[in-house]
Every structure is written in structure tokens, then in C-alpha cells.
Asker: 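I have a structure here, written as C-alpha cells, and I will follow up with some questions on it.
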Amino acid sequence: MLWSDPEDEPPEELRDMQNMLRRLGVFVALAMVLAMLVTGLR
């Protein structure tokens with residue numbers, strides 16, 4: 001990598017979207033676990 005290469009930081013919108021998708025993924029995973037627990041108790 002050369003000193004003149006641009007930094008590979010993603011733009012602000014992309015970072016916001018990645019954070020939102022990460023939160024959504026965590027939420028979906030928790031919902032799946034909760035659904036498995038509820039169906040397991042029945």
C-alpha cells in the first residue's frame with residue numbers, strides 16, 4: 001500500500017447502514033431464540 005493511496009474508510013451513509021443492519025441482525029437473532037423458547041414450552 002502506497003502512502004498516496006486513499007484511505008479505505010467507507011462513507012458515512014454506508015457506515016450508518018452497516019450499523020443498522022448489524023442491529024437488525026441482532027434483533028432477528030434474539031427474536032428467533034425467543035420464538036424457539038416459546039414453541040419449546042408449548
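Counting begins at 1 with the first residue of the sequence.
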Asker: Restricting to side-chain contact (heavy atoms from CB on, under 4.5 Å), what partner residues turn up for L14, sequence neighbours left out?
Answerer: P10, P11, Q18
Asker: Who are the side-chain contact (heavy atoms from CB on, under 4.5 Å) partners of E12, not counting sequence neighbours?
Answerer: R15, D16
Asker: By the side-chain hydrogen bond (donor to acceptor under 3.5 Å, both in side chains) test, which pairs, at least two apart or in different chains, include something from residues 22-31?
Answerer: N19-R22
Asker: So which residues get pulled into V26's cluster when ILVMFWY side chains under 4.5 Å apart are joined, directly or through others?
Answerer: L30
Asker: Could you identify which residues cluster with L37, counting Ile, Leu, Val, Met, Phe, Trp and Tyr as linked when any side-chain heavy atoms lie under 4.5 Å apart, either directly or through a chain of such contacts?
Answerer: V33
